[in-house]
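Here the structure is laid out as structure tokens; the discussion comes afterwards.
Predicted, not measured: the structure shown is a model, and the values here were computed from it. Along the sequence shown, residues carry numbers from 1.
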Amino acid sequence: GNTAGARYASIRLDGATELVSVGGPVGGSSEAIHLSPTTAHYLNAGQYVELTVYQTSGLSQNISVFPARSPEFWMLRISP
């Protein structure tokens with residue numbers, strides 16, 4: 001934990017368009033930050049999405065790994 005700066009997680013379309021972003025200042029808390037960006041978006045053939053994370057503490061930050069839970073990224077295809 002680090003009490004400085006902010007933490008963000010975003011889902012980005014085609015390397016440029018931000019579809020959703022969650023996060024903000026940590027407010028002086030050293031507790032773990034849990035971020036879950038969620039959106040529904042129709043993708044055309046050839047498009048792709050990325051999960052990006054960003055933090056502004058000025059120091060390196062670790063992403064905690066929990067088996068079968070975190071970090072996790074998934075998507076669902078719904079056929080018309």
Side-chain angles (χ1 to χ4, degrees):
N2 179 304
T3 61
R7 315 292 185 270
Y8 299 95
S10 302
I11 297 175
R12 189 166 52 186
L13 175 67
D14 293 336
T17 304
E18 191 172 88
L19 298 177
V20 63
S21 182
V22 297
V26 295
S29 173
S30 62
E31 295 294 319
I33 305 296
H34 302 272
L35 301 172
S36 299
T38 305
T39 188
H41 188 81
Y42 180 81
L43 299 177
N44 293 312
Q47 289 187 306
Y48 66 95
V49 292
E50 301 169 291
L51 175 64
T52 63
V53 294
Y54 180 73
Q55 61 91 13
T56 64
S57 73
L59 301 171
S60 296
Q61 297 290 307
N62 294 326
I63 295 176
S64 298
V65 176
F66 300 99
R69 290 193 326 167
S70 174
E72 186 173 279
F73 181 79
W74 61 272
M75 60 190 308
L76 177 68
R77 178 180 180 192
I78 300 173
S79 297

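Side-chain atoms of Asp14 do not come within 3.5 Å of backbone N or O of Gln47 as any donor-acceptor pair.
A distance of 12.5 Å separates OH in Tyr8 from OG1 in Thr52, rounded to the nearest 0.5 Å.
For Val49, the side-chain contact (heavy atoms from CB on, under 4.5 Å) partners two or more places apart in sequence, or in a different chain, are Ile11, Leu13, Leu19, Leu43, Phe73, Met75.
Cluster membership check: Tyr54 does not share its hydrophobic cluster with Leu51, using side-chain heavy-atom separations under 4.5 Å among Ile, Leu, Val, Met, Phe, Trp and Tyr.
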### Criterion side chain to side chain contact (heavy atoms under 4.5 Å, CB included) on Arg7 and Ser57, from CA distance to verdict
CA-CA 8 Å; Arg7 315 292 185 270; Ser57 73; 4.0 Å; yes

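Of all non-hydrogen atoms in Ala9 and Val53, the two that sit nearest each other are CB-CG1, 4.2 Å. Of all the heavy atoms in Val20 and Pro37, the pair that sits closest is CG1-CB, 3.9 Å. Between Ser21 and Ser10 the shortest heavy-atom distance is OG-OG, 3.0 Å.
Sorted by first and then second residue, the side-chain hydrogen bond (donor to acceptor under 3.5 Å, both in side chains) pairs with a member in residues 32-42 form an empty list; sequence neighbours excluded.
Glu18 and Arg12 are not joined by a salt bridge, as no carboxylate oxygen comes within less than 4.0 angstrom of a charged side-chain nitrogen.
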